[in-house]
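Atoms considered below: every heavy atom in the structure, side chains included; atoms not considered: hydrogens, waters and symmetry mates. In this chain, residues are counted from 1 in sequence order.
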Amino acid sequence: MRVVGLTGGISTGKSTVSNLFKAHGIPVVDADVVARNVLKKGTGGWRKVVAAFGDEILLASGEVDRQKLGQIVFNDPDKRQLLNRLLAPYISSGILLEVLKLWMKGCKRIVVDVPLLFEAKMDKWTKPVVVVWAEPETQLQRLMARDGSTVEEAKSRIDAQMSLDLKRTKADIVIDNSRSLDDLNERFGEVLVRVNMPLTWAEFGLSRDGCIVAFVSILLGVIMSRKAL
C-alpha cells in the first residue's frame, strides 16, 4: 500500500490538489475533517481542550467555538503549541483509523492530507511526500483576497506556519502552484503518473492483497511441510 503525504501552506492550493486526487479515484484522508471530529462534544479531545482553555471557548450547545479557539491560539504561540500537543494523539489515531478502513477495502494508494505533516512527524510513514508550494507574493495576495485581510494580518498568519521553503526541502515531490489552474492541472498530471507507478514489493506486502498472498503462502508452506513428514 502506498501512503502519500500531502501538505503545503495556507492559500497555496493544497485543498485543490487534494480534490484532484479524489477526482482521479485516489481516496484522501483529510486531517482537518479528523480534527473536527476529535473536537466534538464529549470526545477525549474535547475534554482535554476544555480543561486547558476553559468553558469560555464553548458555544451554548456545548460544542467548541472553533472560531474563538482559533483566535486565541493564533495570537499566542505557546497556546497554539499546547493545542497541537493536546490534539495530536487523537488526530494521529483518527488518521490511522481512516487509513485502516481504506486498507480493509483493498485500496492500494491513499493520500493523507495533513497541514502539520512535518510538525507532527507524520512524514516518517508517508512516501512520497508532496508539498504544494507557491511564490510568497502569490500566497500573500491569495490569502488577502480570500479572507479580506490586511497585508499585516495575512503575513502574520503565514509566519505562524512552518516556512514553505523549509517544507519544500523536505519534500519528495514539489507542486509549484504559483500560476493558473491549467498550469496546476498539468503539473498534477505529472505527479499522478509518479503516484500511480506500480507498487514496490514492500508496498505490495503492506497492502491487503499482499497480506493475503503472504498468508496463503505461509499456509501452503505449513501444509507441504506436514506432508513431507
Side-chain angles (χ1 to χ4, degrees), residues 5-15 17-18 28-59 61-98 112-126 129-134 136-171:
L6 175 64
T7 192
I10 190 170
S11 291
T12 59
K14 179 178 61 63
S15 296
V17 173
S18 179
V28 175
V29 176
D30 190 333
D32 286 339
V33 173
V34 174
R36 284 196 290 271
N37 289 333
V38 302
L39 262 183
K40 286 184 177 179
K41 182 180 177 180
T43 62
W46 178 88
R47 287 192 290 271
K48 290 277 189 180
V49 170
V50 173
F53 291 90
D55 292 343
E56 59 268 23
I57 65 166
L58 297 178
L59 297 167
S61 63
E63 296 288 350
V64 171
D65 185 336
R66 296 176 62 86
Q67 184 175 1
K68 187 172 185 178
L69 179 60
Q71 291 172 344
I72 292 172
V73 301
F74 174 71
N75 295 313
D76 190 326
D78 291 335
K79 289 183 179 179
R80 185 165 63 246
Q81 290 178 11
L82 172 61
L83 180 65
N84 289 338
R85 285 199 305 272
L86 292 174
L87 293 183
Y90 297 99
I91 294 174
S92 297
S93 299
I95 290 173
L96 289 173
L97 178 60
E98 294 303 314
V112 288
D113 178 350
V114 187
L116 301 180
L117 186 76
F118 298 116
E119 294 89 333
K121 311 296 183 187
M122 296 183 70
D123 57 304
K124 294 180 179 179
W125 51 274
T126 58
V129 171
V130 179
V131 169
V132 184
W133 183 90
E137 185 60 27
T138 300
Q139 182 186 18
L140 181 65
Q141 293 300 324
R142 285 176 180 169
L143 181 56
M144 291 170 60
R146 190 192 74 179
D147 295 347
S149 55
T150 65
V151 173
E152 292 74 18
E153 290 169 340
K155 284 184 176 179
S156 181
R157 293 196 67 183
I158 291 172
D159 291 343
Q161 299 183 334
M162 178 186 286
S163 163
L164 264 183
D165 286 335
L166 178 56
K167 288 186 176 184
R168 185 174 188 169
T169 65
K170 296 174 175 288

Find out whether [X] and [Y] are in side-chain contact, i.e. whether some heavy atom of one side chain is under 4.5 Å from a heavy atom of the other.
{"X": "Leu58", "Y": "Asp65", "answer": "no"}
{"X": "Arg66", "Y": "Leu39", "answer": "yes"}
{"X": "Leu82", "Y": "Asp78", "answer": "no"}
{"X": "Thr126", "Y": "Asp123", "answer": "yes"}
{"X": "Ile10", "Y": "Arg146", "answer": "yes"}
{"X": "Val129", "Y": "Lys170", "answer": "no"}
{"X": "Arg157", "Y": "Asp147", "answer": "yes"}

Roughly how far apart are [X] [atom1] and [Y] [atom2], rounded to 0.5 Å?
{"X": "Ile95", "Y": "Trp125", "atom1": "CD1", "atom2": "CH2", "value": "6.0 Å"}
{"X": "Ser11", "Y": "Gln141", "atom1": "OG", "atom2": "CD", "value": "11.0 Å"}
{"X": "Met162", "Y": "Leu117", "atom1": "CE", "atom2": "CG", "value": "9.5 Å"}
{"X": "Arg142", "Y": "Thr12", "atom1": "CZ", "atom2": "OG1", "value": "8.0 Å"}
{"X": "Lys14", "Y": "Asp32", "atom1": "NZ", "atom2": "CG", "value": "5.5 Å"}
{"X": "Gln161", "Y": "Leu166", "atom1": "CD", "atom2": "CG", "value": "12.5 Å"}

Compare every heavy atom of [Y] with every heavy atom of [X], then report the nearest pair and how far apart it is.
{"X": "Leu86", "Y": "Ala52", "result": "CD1-CB, 3.6 Å"}
{"X": "Val132", "Y": "Gly13", "result": "CG1-C, 4.0 Å"}
{"X": "Leu164", "Y": "Gly8", "result": "CD2-C, 3.9 Å"}
{"X": "Val34", "Y": "Ile91", "result": "CG1-O, 3.7 Å"}
{"X": "Leu143", "Y": "Ser149", "result": "O-OG, 3.8 Å"}
{"X": "Arg80", "Y": "Val73", "result": "NH1-O, 3.1 Å"}

Pick out which of Lys41, Arg47, Lys40 makes a side-chain contact (heavy atoms from CB on, under 4.5 Å) with Thr43.
Lys40
Would you indicate whether Glu56, at its atom CD, is surrounded by more than 12 heavy atoms from other residues, nucleotides or ligands within a distance under 6.0 Å?
yes
Side chain to side chain contact (heavy atoms under 4.5 Å, CB included) evaluation trace for Lys167 with Phe118:
CA-CA 8 Å; Lys167 288 186 176 184; Phe118 298 116; 3.7 Å; yes
Would you please test Asn84 and Glu119 for side chain to side chain contact (heavy atoms under 4.5 Å, CB included) and show each step?
CA-CA 9 Å; Asn84 289 338; Glu119 294 89 333; over 6 Å; no
Please answer whether the main-chain N or O of [Y] pairs with a side-chain N or O of [X] as donor and acceptor at a distance below 3.5 Å.
{"X": "Lys68", "Y": "Ile57", "answer": "no"}
{"X": "Trp46", "Y": "Gly62", "answer": "yes"}
{"X": "Ser93", "Y": "Tyr90", "answer": "no"}
{"X": "Gln139", "Y": "Gly9", "answer": "no"}

